[in-house]
Engineer: 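What follows is a single structure, and I will ask about it in a moment.
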Amino acid sequence: MRAGQVNWGSATNRGRVRRVNEDAMLALPDVFVVSDGMGGHRAGDVAARTVIDEFAGAHTSADPRDREWVTQRVRRAGRSIRQGSGGGATVVGLVAEPGRWLAFNIGDSRAYACYQGTMQQITTDHSVVQELVDSGELDRAGMRTHPQRHVITRAIGLVGDSHPDFFQLPIREGERLLLCSDGLTNELTEAQIHSVLASQIDPQLAADALVLAAVRAGGRDNVTVVVVDVLAVPGAAASEDTRPRELPVEPLEEDIESTLPMPWAALPVPASRGSSR
Ligand code: MG
């Protein structure tokens, strides 16, 4: 386990409007990926599934999880999509290199890091609204409501080879990482997302709560999240209490279930959760 001791949770939901869930996700000890597919006639869900299968199929290999490894997976997925279903897909992911995370993205699915009470976006979107923000024509708050908020400028599988952007960050004890599709970030403000992440200790409950909040806020798109908690970094002695203490956690540990706003069994979430050391 390159990332040390981690816990994770994940959740996805079709939302209230879309007929098909074209998002897909993967949560394995050292590889976490979210992909958001696009294209008619079910091309989108096949495209996203193709991206996820590339990363899932390579999980058992002993190859170093570096930029080359990620780039190869993306290229192969792009080729498969163009030769098969058509359509396109975003990707955002985290792989554990020795001592650090390598985050990567194509499109507008995002990675965030929560550490010591703050939340920061790791990735930068490839989208029309991000370009408007970069040029000063739009503020970040306007990204969620702009009429072109769904238009992305880079995708896997549409035209040619799309290269991911890469971001390196240290693996820090107590950190919580979030991968999500735009169905989350277009429905909830970053302050709302941070608030949910800070109030649920368990990563699976946090993932469920984020998806539920996005669906309640409108659910106009598929919504998918993966939440990863770093409990102990490699080589460091395990502390007695390995909960993410740096987060401003509400005192829910007495009875987490009773504080939930609705019956969680009602959520059709084929969740993937786990822990590893
Ligand atoms: Mg989407």
Engineer: For the pair Ser195 (side chain) and Ala191 (backbone), establish whether a donor and an acceptor sit closer than 3.5 Å, ignoring hydrogens and angles.
Structural biologist: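 No, the answer is negative, given that no donor and acceptor are paired below the 3.5 Å cut-off.
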Engineer: Grab the two heavy atoms, one from Ser181 and one from Ser109, that are nearest each other, plus how far apart they are.
Structural biologist: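 Smallest interatomic distance, heavy atoms only, reads CA-OG, 3.9 Å.
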Engineer: Side chain to side chain contact (heavy atoms under 4.5 Å, CB included) for Tyr112 and Cys180? Distances and angles first, verdict last.
Structural biologist: CA-CA 9 Å; Tyr112 288 91; Cys180 60; 4.2 Å; yes
Engineer: Nearest 0.5 Å, please: how far is NE2 in His126 from CZ in Arg154?
Structural biologist: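 With rounding to 0.5 Å, CZ (Arg154) is 3.5 Å from NE2 (His126).
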Engineer: Name all pairs fulfilling the salt bridge (charged side-chain N to carboxylate O under 4.0 Å, His left out) condition that reach into residues 113-135, sequence neighbours left out, sorted by first residue then second.
Structural biologist: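 Residue pairs passing salt bridge (charged side-chain N to carboxylate O under 4.0 Å, His left out), neighbours aside: Arg110-Asp125.
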Engineer: Show the nearest heavy-atom pair for residues Ala48 and Ser35, with the distance to one decimal.
Structural biologist: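 Shortest heavy-atom contact: CA-OG, 3.5 Å.
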Engineer: Does Met143 share a hydrophobic cluster with Ile193, counting links as ILVMFWY side-chain heavy atoms below 4.5 Å and allowing steps through other members?
Structural biologist: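 In one cluster: no.
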Engineer: Cluster question for you: counting only ILVMFWY and a side-chain heavy-atom cut-off of under 4.5 Å, with indirect links fine, are Leu102 and Ile52 together?
Structural biologist: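 Yes, Leu102 connects to Ile52 through the hydrophobic network.
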Engineer: Backbone N or O of Asp36 within a donor-acceptor pair of the Thr90 side chain at under 3.5 Å?
Structural biologist: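 Judged by distance alone, yes, a pair lies under 3.5 Å.
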Engineer: Whether the side chain of Asp66 engages the backbone of Trp69 through a donor-acceptor N/O pair (distance < 3.5 Å, no angle test) should be reported.
Structural biologist: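 Indeed, once roles are kept as given, a pair shorter than 3.5 Å links the two residues.
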Engineer: So, using ring pair (Phe, Tyr, Trp, His ring centres under 6.0 Å) as the criterion, who are the partners of Phe104 when residues are at least two apart?
Structural biologist: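 Ring pair (Phe, Tyr, Trp, His ring centres under 6.0 Å) check on Phe104 returns Phe55.
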Engineer: What is the distance from atom CG of Leu188 to atom CZ of Arg216, rounded to the nearest 0.5 Å?
Structural biologist: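 With rounding to 0.5 Å, CG (Leu188) is 11.5 Å from CZ (Arg216).
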Engineer: Would you say Arg176's side chain and Leu197's backbone share a donor-acceptor pair under 3.5 angstrom?
Structural biologist: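 Confirmed, Arg176 side chain pairs with Leu197 backbone.
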Engineer: If you look at every heavy atom in Glu175 and Pro170, which pair is closest and at what distance?
Structural biologist: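 Heavy atoms only, the tightest pair is OE1-O, 3.6 Å.
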Engineer: Shortest non-hydrogen contact from Ala47 to Ser85?
Structural biologist: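 It is N-OG, 4.0 Å.
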Engineer: Between Asp229 (side chain) and Leu231 (backbone), is there a donor-acceptor pair under 3.5 Å?
Structural biologist: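 Not at all, since once roles are kept as given, no pair shorter than 3.5 Å links the two residues.
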Engineer: Check whether Val91 and Ile152 end up in the same hydrophobic cluster, where Ile, Leu, Val, Met, Phe, Trp and Tyr are linked by side-chain heavy atoms less than 4.5 Å apart.
Structural biologist: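 No; tracing contacts between hydrophobic side chains, which count when under 4.5 Å, never links both residues.
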Engineer: Can Gln5 and Ser275 be said to form a side chain to side chain contact (heavy atoms under 4.5 Å, CB included), step by step?
Structural biologist: CA-CA 7 Å; Gln5 188 185 350; Ser275 75; over 6 Å; no
Engineer: Applying side-chain contact (heavy atoms from CB on, under 4.5 Å) between Leu178 and each of Val34, Leu210, Leu94, report the one that passes.
Structural biologist: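 Of all the options given, the one that passes is Leu210.
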Engineer: Could you tell me if Thr224 and Asp23 have a donor-acceptor pair between their side chains, going purely by distance under 3.5 Å?
Structural biologist: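 Thr224 and Asp23 do have a side-chain donor-acceptor pair below 3.5 Å.
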Engineer: Nearest 0.5 angstrom please: Asp165 CG to Thr124 OG1, how far?
Structural biologist: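 It is 7.0 Å, given to the nearest 0.5 Å.
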Engineer: Between Gln130 and Thr153, is the side chain to side chain contact (heavy atoms under 4.5 Å, CB included) condition met? List the steps.
Structural biologist: CA-CA 10 Å; Gln130 179 67 51; Thr153 52; over 6 Å; no
Engineer: Count I, L, V, M, F, W, Y as connected when their side-chain heavy atoms are under 4.5 Å apart, and connections chain through other members. Are Ile106 and Val31 then in the same cluster?
Structural biologist: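 Same hydrophobic cluster.
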Engineer: Using modelled atom types only, decide if a donor and an acceptor are shared between the side chain of Thr123 and the backbone of Ala111 within a distance under 3.5 Å.
Structural biologist: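 Pair found, side chain donor or acceptor close to backbone of Ala111.
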Engineer: Of the options Arg16, Arg144, Arg220, which is the one that meets Glu187 in a salt bridge (Lys or Arg N to Asp or Glu O under 4.0 Å)?
Structural biologist: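 Looking at Arg16, Arg144, Arg220, the match for Glu187 under the salt bridge (Lys or Arg N to Asp or Glu O under 4.0 Å) is Arg220.
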Engineer: Just verifying a value: how many Å separate Gln121 CD and Thr185 OG1, rounded to the nearest 0.5 Å?
Structural biologist: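 That separation rounds to 8.0 Å.
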Engineer: Just verifying a value: how many Å separate Gln116 CD and Thr118 OG1, rounded to the nearest 0.5 Å?
Structural biologist: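 That separation rounds to 7.5 Å.
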Engineer: Can you see which heavy atom on Val196 is nearest to which on Ala209, and at what distance?
Structural biologist: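 Shortest heavy-atom separation between Val196 and Ala209 comes out as CG1-CB, 3.6 Å.
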Engineer: Take Arg18 and Asp221 through the test side chain to side chain contact (heavy atoms under 4.5 Å, CB included) and record every step on the way to the result.
Structural biologist: CA-CA 6 Å; Arg18 304 289 176 94; Asp221 193 2; 3.1 Å; yes
Engineer: Give a yes or no on whether Gln168 atom CD has more than 12 heavy-atom contacts from other residues, nucleotides or ligands under 6.0 Å away.
Structural biologist: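 Correct, the count exceeds 12.
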Engineer: Check whether any side-chain N or O of Asn222 sits under 3.5 Å from a backbone N or O of Val20 as a donor-acceptor pair, and report yes or no.
Structural biologist: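 Yes.
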Engineer: Any side-chain donor paired with an acceptor under 3.5 Å for Thr12 and Asn21?
Structural biologist: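 Yes, side-chain donor-acceptor contact under 3.5 Å.
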Engineer: Tell me which pairs pass salt bridge (charged side-chain N to carboxylate O under 4.0 Å, His left out) where either residue lies in residues 40-51, with sequence neighbours left out.
Structural biologist: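 Only Arg42-Asp45, Arg49-Asp53 qualify under salt bridge (charged side-chain N to carboxylate O under 4.0 Å, His left out).
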Engineer: Which value, rounded to the nearest 0.5 Å, describes the distance between Ser127 atom OG and His146 atom NE2?
Structural biologist: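 Reported to 0.5 Å precision, the distance equals 10.0 Å.
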Engineer: Answer yes or no: is there a side-chain heavy-atom contact under 4.5 Å between Phe32 and Leu177?
Structural biologist: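 They are not in contact (no side-chain heavy atoms under 4.5 Å apart), so the answer is no.
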Engineer: If Ile, Leu, Val, Met, Phe, Trp and Tyr residues are connected whenever their side-chain heavy atoms lie under 4.5 Å apart, and connections chain through other members, are Val46 and Ile81 in the same group?
Structural biologist: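 No; tracing contacts between hydrophobic side chains, which count when under 4.5 Å, never links both residues.
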Engineer: Which pair of heavy atoms, one from Ile122 and one from Ala103, lies closest together, and at what distance?
Structural biologist: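 Smallest heavy-atom distance, with atoms named: CG2-CB, 4.0 Å.
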